[in-house]
Novice: 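Shown below is the structure under consideration.
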There are 2 protein chains.
Amino acid sequence: MRRKEGNKEQDIISAAIEVFAKDGYHEAKISKIAELANVATGSVYLYFESKEVLLVKIFSDLWIKLISLVKTINERDDLSSTEKLEGFIDTVFDVFTANSKLALLFVKEQPHFLQEKDNKLNILYNNFLEIGEKILDDGVNNNSFNKNLDKKITKNFIYGGVRHLLHLWALSPDEYPLNKVRQDIKYIVKKGITK
Amino acid sequence: MRRKEGNKEQDIISAAIEVFAKDGYHEAKISKIAELANVATGSVYLYFESKEVLLVKIFSDLWIKLISLVKTINERDDLSSTEKLEGFIDTVFDVFTANSKLALLFVKEQPHFLQEKDNKLNILYNNFLEIGEKILDDGVNNNSFNKNLDKKITKNFIYGGVRHLLHLWALSPDEYPLNKVRQDIKYIVKKGITK
DNA sequence: TTTATTTTTGAACCGTAATTCATTTATAAT
DNA sequence: ATTATAAATGAATTACGGTTCAAAAATAAA
């Protein structure tokens, strides 16, 4: 018997993130991913049944990680609502800061998934947003946040703004220093929604 | 001689907006666009030299319209900085409210263009954002807006938030009534950035 | 009516790249 | 060593859909 050497699956995933991010999912070629991962074209299919499955794997890993992180924050009872909200925003920045290619891929391709309500990715994505909404909810209930703002709208406004800035940062890190970006966003959000 | 009947070019554009919005640019088929426009597949190529040119035409028409509208607002000297900013946001909502398919197309495909800095579309897009930045600039200078916020960041945060909510609205208009969306966004922005 | 010219058609063409699979390679077991 | 089996290869296959183009249709001019 022969056993697998190295971690080809991970190599392929990393390569795919890079190529998908640069070229966009549809223009990305499996052969290029394989080359970057140092495997043969056909090997990609030993680990992923199709190009699409590979993309979905990347996204679902990402969501699972994000969900776990923000869940932890939300469960901490030493944090105020405002601090939880800041922590939520920080988490997103932290995860993507660690991998700008993933950030790029995320902003470019995620919009295409929002359409079909009940695919795996949308379910995860909604789990994630629900936690954000819970934080906003509690903040309203304990009188920290403004009651008159719709929570779904507020949460998605923040989400969209954060996502767009991550995109710009991923394209030109120097023009959008993440520290300043985070700081400004948190300032606007806090000032904009607290009473 | 034979003369053209109807306005096939416009029919094709409208059909393309719809099909691109629903299926995404890459999955959209010329044959489907042609069918929806009531022309033969080949006819699309009498009006547009390629699928990509057709997409670019749609986007550039959109940007040209938006630029003209926000320019007008910015030139009015009876408006305060805050009112101009509100007017800017309103303009975007107005244009997309009139055509939710276009909104959907815009949010799905625009991210793919940001990469290549100097294509036609990015130049238009930057013209548009520059006007937004000018409004923010003036607001800072006349002491309406907070000096400590970076203008590029602020403008893009707002832009991203607005875009994402337009996306959600285009997918489920009932869940995201645009009036409430506009109202909340303008509230957060005003409160978030004014001194 | 006939002819010339422009518009339109849609099936065939063709390039591309995802996917497959016969073959080769590497290792574990005997 | 030899064999069996799993892993890996990459050229061949195949599907797909954008684009082309020869033929048809429509109208204006003669």
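Predicted model, so just to flag it, every value in this text is computed and none were measured. In what follows, chains are A, B, ... by sequence order, proteins preceding strands, each numbered from 1.
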Novice: Strictly below 4.0 Å: does A/Y47 bring a side-chain N or O up to OP1 or OP2 of D/dA8?
Specialist: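 Answer yes for this pair, as a side-chain N or O of A/Y47 is under 4.0 Å from OP1 or OP2.
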Novice: B/N7 has an atom CG; how far is it from atom P of C/dT7, in whole Å?
Specialist: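 Distance check: B/N7 CG to C/dT7 P gives 14 Å.
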Novice: Do A/K57 and A/D61 sit within salt-bridge range, that is, some charged N less than 4.0 Å from a carboxylate O?
Specialist: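 So A/K57 pairs with A/D61 through a salt bridge.
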Novice: Quick check on contacts: within residues 15-23 of chain B, what sits under 4.0 Å from DNA chain C by heavy-atom distance?
Specialist: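 Contacts with DNA chain C under 4.0 Å: none.
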Novice: Do the side chains of B/D78 and B/K84 get close enough for a salt bridge, i.e. N-O under 4.0 angstrom?
Specialist: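 So B/D78 does not pair with B/K84 through a salt bridge.
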Novice: Do B/K152 and B/E133 sit within salt-bridge range, that is, some charged N less than 4.0 Å from a carboxylate O?
Specialist: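 No.
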Novice: For B/V39 and B/I12, run side-chain contact (heavy atoms from CB on, under 4.5 Å): C-alpha distance rounded to whole Å, both residues' side-chain angles, the deciding distance at 0.1 Å, then the answer.
Specialist: CA-CA 8 Å; B/V39 299; B/I12 292 167; 4.2 Å; yes
Novice: Round to the nearest Å and state the distance from B/E35 atom CD to C/dT8 atom C1'.
Specialist: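 B/E35 atom CD is separated from C/dT8 atom C1' by 17 Å.
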Novice: Is it true that a side-chain atom of B/E83 and a backbone atom of B/S80 form a donor plus acceptor pair closer than 3.5 Å?
Specialist: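 Judged by distance alone, yes, a pair lies under 3.5 Å.
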Novice: Considering every strand and a 4.0 Å limit on heavy-atom distances, what is the contact class for A/F48: base, sugar-phosphate, or nothing?
Specialist: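 Answer is nothing: A/F48 stays at 4.0 Å or more from every strand.
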Novice: Tell me whether the side-chain N/O atoms of B/K8 come closer than 4.0 Å to OP1 or OP2 in C/dT8.
Specialist: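 Result: yes.
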Novice: Taking protein heavy atoms under 4.0 Å as touching, what does nucleotides 16-23 of chain C look like 5' to 3' if B marks base contact, S marks sugar-phosphate-only contact and - marks none?
Specialist: -SSBB---
Novice: Look at all strands and tell whether B/V44 reaches a base, only sugar-phosphate, or nothing, counting heavy atoms closer than 4.0 Å.
Specialist: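 If one applies the 4.0 Å heavy-atom cut-off, B/V44 turns out to touch nothing in the nucleic acid.
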Novice: Whether the side chain of A/Y25 engages the backbone of A/E52 through a donor-acceptor N/O pair (distance < 3.5 Å, no angle test) should be reported.
Specialist: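 Yes, because the side chain of A/Y25 sits within donor-acceptor range (under 3.5 Å) of the backbone of A/E52.
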Novice: Can you tell me if A/K29 has over 12 outside heavy atoms packed within less than 6.0 Å of its NZ?
Specialist: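 Atom NZ in A/K29 is not packed in, count stays at 12 or less.
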Novice: Could you tell me whether the side chain of A/S172 and the main chain of A/E175 form a donor-acceptor pair under 3.5 Å?
Specialist: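 Checking the backbone N and O of A/E175 against the side chain of A/S172, no donor-acceptor pair under 3.5 Å is found.
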